[in-house]
Amino acid sequence: MEHKSLTISYTERPETELEPQWQQLVASAKEATLGAYAPYSQFYVGAAVLLEGGEVVCGSNQENAAFGAGTCAERTALFYAHAHYPGRAVQAIAIAARKGEEGFTEAPVSPCGICRQVLLETQQRSAGPIRVLLYGRRCVQEIEGVEALLPLGFENF
Ligand code: THU
């Protein structure tokens, strides 16, 4: 038997200390929360995806009375990006969320398991690691590469 362990590393810093390029992507994710349709959870999420070539594609969560039909901001943006810019590598994604009337979350918002799996497959198609920026009022977490978010992800298909 062998014991193995995985560690992840990421950075945390205030939004104002991000490089201008990443500040801009975070700003796009925050703006994208305005497009959310979240009458059931009142949790308004925005995602901004930076593509090779410089285009930024945004998405937001879209809910439905048949709860299972709803989808997350990250997948809205990633699927739109692939549908409209096939073959274009995804370089980064920023995620932000507002909670009801409280405004943007204090803590960084982190993608759900299904979105992590979609990010992993997107990264496999892309040329290099995807930079993930998770926005919170307290700080922005910056993760280089999706494996850190989904260790031992499903890759064997
Ligand atoms: N949601 C996202 O859009 N992204 C996440 O990373 C977490 C959750 C959405 C799904 C649902 O519409 C609402 O937030 C509450 O879970």
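When a ligand or atom number is given, it counts from 1 through the structure's own listing order. Just so you know, residue 1 is the first one in the sequence shown, and it goes up from there. Quick note: numbers below take in every heavy atom, side chains included, and nothing from hydrogens, waters or symmetry partners.
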Can you check whether Ile130's main-chain N or O pairs, donor with acceptor, with Glu144's side chain at less than 3.5 Å? no
Which residue owns the protein heavy atom closest to atom 9 (C) of ligand 1, what's the atom, and how far is it? Asn61 ND2, 3.5 Å
Can you report which non-hydrogen protein atom sits closest to atom 8 (C) of ligand 1, along with the distance? Cys72 SG, 4.1 Å
Nearest protein heavy atom to atom 3 (O) of ligand 1, by residue and atom, and its distance? Ala73 N, 2.9 Å
Using the ring of each side chain (for Trp, its six-membered ring), is Tyr40 parallel, tilted or perpendicular to Tyr37, with breaks at 30° and 60°? perpendicular
By the rule that ILVMFWY residues connect when side-chain heavy atoms come within less than 4.5 angstrom, directly or transitively, which residues belong alongside Tyr44? none
Within the distance-only criterion (no hydrogens, no angle test), does the side chain of Gln123 pair as donor or acceptor with the backbone N or O of Val146 below 3.5 angstrom? yes
Applying a strict 4.0 Å limit to heavy atoms, is Pro111 in contact with ligand 1? yes
Atom 5 (C) of ligand 1 sits nearest the protein heavy atom Glu74 OE2, 3.4 Å
Show the atoms of ligand 1 that are less than 4.0 angstrom away from any heavy atom in Val45. 1 (N), 2 (C), 3 (O), 4 (N), 9 (C), 14 (O)
For the residue pair Lys99 and Phe104, would you count it as a cation-pi contact if the rule is NZ or CZ under 6.0 angstrom from the ring centre and within 45 degrees of the ring axis? no
Return the residue, atom name and 0.1 Å-rounded distance of the protein heavy atom closest to atom 11 (C) of ligand 1. Glu63 OE2, 3.3 Å
Apply the test salt bridge (charged side-chain N to carboxylate O under 4.0 Å, His left out) to residues Arg137 and Glu106: give CA-CA distance (whole Å), side-chain angles for both, the deciding distance (0.1 Å), then the verdict. CA-CA 5 Å; Arg137 276 187 286 139; Glu106 177 69 16; 3.6 Å; yes
Measuring from the heavy atoms of Ala36, does anything fall under 4.0 Å of ligand 1? no
I'd like to check the side-chain contact (heavy atoms from CB on, under 4.5 Å) partners of Glu52; sequence neighbours left out, ordered by chain and number. Arg88, Ala89, Gln91
Show the atoms of ligand 1 that are less than 4.0 angstrom away from any heavy atom in Phe43. 14 (O)
As an exercise, identify every atom of ligand 1 less than 4.0 angstrom from a heavy atom of Cys112. 6 (O)
